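Nothing here was measured: the structure is a model prediction, and the numbers come from that model.
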Amino acid sequence: MEISDDEQEHIRKSHPIIIELITRLLTQLLLFRERIHELENRVHELENRLNLNSTNSSIPPSKNPLNKRKIPNSRVSSGKKSRRPEWAPRGNLIAS
């Protein structure tokens, strides 16, 4: 449904407050759309930052978040027993 030029002019003259209100609302709508676009870009940027870790950036491994899952070890056990006697302590011991 289209409004003729005469009808538009009649609306403008008889309802100036409504026209003013609609104009203000449209202006606000445009500002909100602009702000939403800015915020969507910011969210995208922050999500990309969250996905960075030591495997895909220059961040050292010590800066990886603690709650992130570690990459599983791809080495397979040979099945051989350890050469360390059971009574011997684990790890390197430094004599003082």
Side-chain angles (χ1 to χ4, degrees):
M1 179 177 121
E2 292 195 25
I3 300 173
S4 69
D5 292 338
D6 290 336
E7 290 173 327
Q8 287 179 11
E9 188 62 33
H10 174 71
I11 292 171
R12 280 190 199 107
K13 287 179 182 176
S14 61
H15 305 290
I17 295 173
I18 294 174
I19 300 296
E20 176 64 27
L21 178 62
I22 291 173
T23 304
R24 286 182 183 184
L25 290 173
L26 287 173
T27 304
Q28 279 186 331
L29 178 65
L30 291 174
L31 291 173
F32 288 147
R33 281 185 178 174
E34 207 173 288
R35 183 66 176 147
I36 288 170
H37 183 70
E38 291 171 4
L39 292 173
E40 285 174 339
N41 287 339
R42 179 74 173 144
V43 166
H44 182 69
E45 177 187 325
L46 292 173
E47 284 175 341
N48 287 340
R49 273 192 183 169
L50 269 178
N51 292 330
L52 290 180
N53 60 35
S54 63
T55 61
N56 59 10
S57 70
S58 61
I59 299 172
S62 62
K63 297 294 182 185
N64 276 348
L66 295 177
N67 59 354
K68 288 277 186 173
R69 216 171 60 115
K70 293 193 179 212
I71 298 171
N73 189 351
S74 61
R75 294 190 293 179
V76 179
S77 173
S78 65
K80 293 182 181 178
K81 278 190 158 185
S82 170
R83 291 178 46 162
R84 179 186 58 82
E86 289 183 20
W87 52 265
R90 294 178 183 257
N92 295 333
L93 296 178
I94 300 173
S96 350

Listed by chain and number, what are the side-chain hydrogen bond (donor to acceptor under 3.5 Å, both in side chains) partners of [X], not counting sequence neighbours?
X	result
Asn48	His44
Glu20	Arg24
Glu45	Arg42

If you measure from CD1 on Ile22 to CD1 on Ile17, what distance do you get to the nearest 0.5 Å? 12.0 Å

Leu26 side chain reached by Leu30 side chain, heavy atoms, under 4.5 Å: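 Leu30 does not reach Leu26 side chain to side chain.
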
When you compare the side chain of His37 with that of Arg33, does any pair of heavy atoms fall below 4.5 Å?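 With C-beta onward as the side chain, the pair stays apart.
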
Scanning both residues in full, the closest heavy-atom pair of Glu2 with Glu7 reads O-OE1, 4.4 Å

So, using salt bridge (charged side-chain N to carboxylate O under 4.0 Å, His left out) as the criterion, who are the partners of Glu38 when residues are at least two apart?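 Applying salt bridge (charged side-chain N to carboxylate O under 4.0 Å, His left out) to Glu38 gives Arg35.
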
According to side-chain contact (heavy atoms from CB on, under 4.5 Å), who are the partners of His10, at least two apart in sequence or on a separate chain? Ser14

Which other residues belong to the hydrophobic cluster containing Leu21, where Ile, Leu, Val, Met, Phe, Trp and Tyr are joined when side-chain heavy atoms lie under 4.5 Å apart, directly or via other members? Leu25

